[in-house]
Protein chains: 2
Amino acid sequence: MQVTRAGEYAIIGLLYLAKQPADRTIMIDEISEAEGVPKSFLAKIFQSLAKGGFVCSHRGAGGGFGLAKPTGEITVLQVLQCVEGAFALQRCVTDDPECVVSTTRMSNCTLCAVFTEAQNRVNEVFARTTIADLLHPKPQVAQPIKSAASLN
Amino acid sequence: MQVTRAGEYAIIGLLYLAKQPADRTIMIDEISEAEGVPKSFLAKIFQSLAKGGFVCSHRGAGGGFGLAKPTGEITVLQVLQCVEGAFALQRCVTDDPECVVSTTRMSNCTLCAVFTEAQNRVNEVFARTTIADLLHPKPQVAQPIKSAASLN
DNA sequence: ATAAACAAGACAATCTTACTCCTATTTGAT
DNA sequence: ATCAAATAGGAGTAAGATTGTCTTGTTTAT
């Protein structure tokens, strides 16, 4: 898996929408300028978000985007999967029949199992975090960041 | 972060060494053929593993590689960091001063915090899993794989 | 001395990322 | 009806990462 710019911009865009009055219709141009995100790219990303049902779009003059759901019902995992496709830490984790580890080595691969477990941990974090959580940070989300380096 | 072929091959290579008699010196050619991994690429990867102190290399005729540590003292995290460099789920997680999220938005970024938390979960899994664990799978490692899809 | 084996670095093909651009299509206002 | 504003969709592209290969050393056992 990798959280690319697309996923990052998607969440930033949704957060921007969430901070506006609910009835406002907001143009890509405004979000792009306000958040310093490339306009054309953001437009592409918002196409995905619209298809995914996270935002509703209004074309034509006076058009733009608005949130399609309450912020508490949009999880980070859903957004990332929407704009980046199914994202996996490693090939084993997906159903990819080309996975070298699983196909050429062992059908019951312990290495694949470890990758899958790690992937599940990531998914758990992203699945329990909503846009609302990012707007109104709670201590337990922001606080307990053990340094990755300390795990060496 | 992404677990690339390099990381995958490194672990596969170490597992192969671990399965051999401890006193044997094993050539890249043998590992490559046995495990179906490209030879030149594996040689490059083993250079890193040697520098990282995971294997010891012996040059010249009759040379090859052997494990430099007990399998229980080599964690997946260490190996991945050795061959892939510091691997991060997202730019925020590293100290990259170019991170768009943290620099242009908020110094105390909740989104970065979520990425970092997810990264820490991954690191925990990889840090507690050793080569020995992969050789002798215990139920709690192989078993509790909740489907990633079910977390949607 | 020679052949076997790793060490190191340059090089290359392919893929992914991170975009842009152009042409619709929709819509509100005149 | 027409025009301008806005998204929709698809094609295209430059840079960088991945996944290797190749060549030229250097070490070492015989």
Partners meeting salt bridge (charged side-chain N to carboxylate O under 4.0 Å, His left out) with Lys69(B) (sequence neighbours left out): none
Which residues share a side-chain hydrogen bond (donor to acceptor under 3.5 Å, both in side chains) with Glu30(A), sequence neighbours left out: Tyr16(A), Arg24(A)
Distance, nearest 0.5 Å, that separates CG of Leu111(A) from OG1 of Thr116(A): 9.5 Å
Closest to the Ala61(B) side chain, choosing from dA5(D), dA8(D), dT28(D): dT28(D)
NZ on Lys19(A) to OG1 on Thr71(A), rounded to 0.5 Å: 12.0 Å
Touch class at under 4.0 angstrom, heavy-atom based, for Phe46(B) against every strand present: nothing
With sequence neighbours excluded, residues passing side-chain hydrogen bond (donor to acceptor under 3.5 Å, both in side chains) with Ser48(B): none
Nucleotide dG9(D), atom P - distance to CZ of Phe41(A) in whole Å: 17 Å
Residue closer to the 5' end of DNA chain D, Lys51(A) versus Gly63(A) (nearest nucleotide): Gly63(A)
Sequence-distant partners of Ser57(B), side-chain hydrogen bond (donor to acceptor under 3.5 Å, both in side chains), two or more places apart: none
Cluster overlap Ile31(B) with Met27(B), hydrophobic side-chain contacts below 4.5 Å: no
Partner set under side-chain hydrogen bond (donor to acceptor under 3.5 Å, both in side chains) for Lys39(A), not counting sequence neighbours: Asp29(A)
Atom-to-atom span, CG of Asp29(A) to P of dT7(D) - whole angstrom: 7 Å
Please enumerate all protein N or O atoms sitting under 3.5 Å from an N or O of nucleotides 22-25 of chain D, with distances to 0.1 Å.
| unit_1 | atom_1 | unit_2 | atom_2 | d |
| --- | --- | --- | --- | --- |
| dG25(D) | N2 | Arg59(B) | NH2 | 3.3 |

Euclidean distance, atom CD1 of residue Ile45(A) to atom P of dT7(D) [Å, nearest integer]: 14 Å
Qualifying ring-ring contact (aromatic ring centres under 6.0 Å, His included) pairs, either residue in residues 25-46 of chain B, two or more places apart: Tyr9(B)-Phe41(B), Phe46(B)-Phe65(B)
Any Tyr9(B) side-chain N or O less than 4.0 Å from OP1/OP2 of dT19(D): no
Atom-to-atom span, CZ of Phe54(A) to C1' of dT7(D) - whole angstrom: 19 Å
Salt bridge (charged side-chain N to carboxylate O under 4.0 Å, His left out) involving Arg59(B) - partner list, sequence neighbours excluded: none
Whole-Å gap separating P (dA5(D)) and CD1 (Ile28(A)): 17 Å
Watson-Crick and G-U pairing of DNA chain D, under 3.5 Å, as dot-bracket with | and [ ]: ||||||||||||||||||||||||||||||
Thr130(B) vs Leu135(B), side chain to side chain contact (heavy atoms under 4.5 Å, CB included): CA-CA, chis, key distance, verdict: CA-CA 9 Å; Thr130(B) 68; Leu135(B) 279 175; over 6 Å; no
Between dA6(D) (P) and Ile31(A) (CD1): distance, integer Å: 13 Å
Value rounded to 0.5 Å, distance of NE2 in His58(A) from OG1 in Thr25(A): 5.0 Å
Show the distances under 3.5 angstrom between N or O atoms of the protein and N or O atoms of nucleotides 15-18 of chain D.
| unit_1 | atom_1 | unit_2 | atom_2 | d |
| --- | --- | --- | --- | --- |
| dT18(D) | OP1 | Gln2(B) | NE2 | 2.7 |

Pairing residues for Glu33(B) by the salt bridge (charged side-chain N to carboxylate O under 4.0 Å, His left out) criterion, not counting sequence neighbours: none
Below 4.0 Å: OP1/OP2 of dA6(D) and any side-chain N or O of Ser57(A): no
Interatomic distance, Met27(B) CE vs dT28(D) P [rounded to whole Å]: 18 Å
Rounded distance (nearest 0.5 Å) linking atom CD of Gln119(B) with atom CZ of Arg121(A): 15.0 Å
Bounds of contact between DNA chain C and chain A, in 5' to 3' order, using a heavy-atom cut-off under 4.0 Å: dT17(C) to dG28(C)
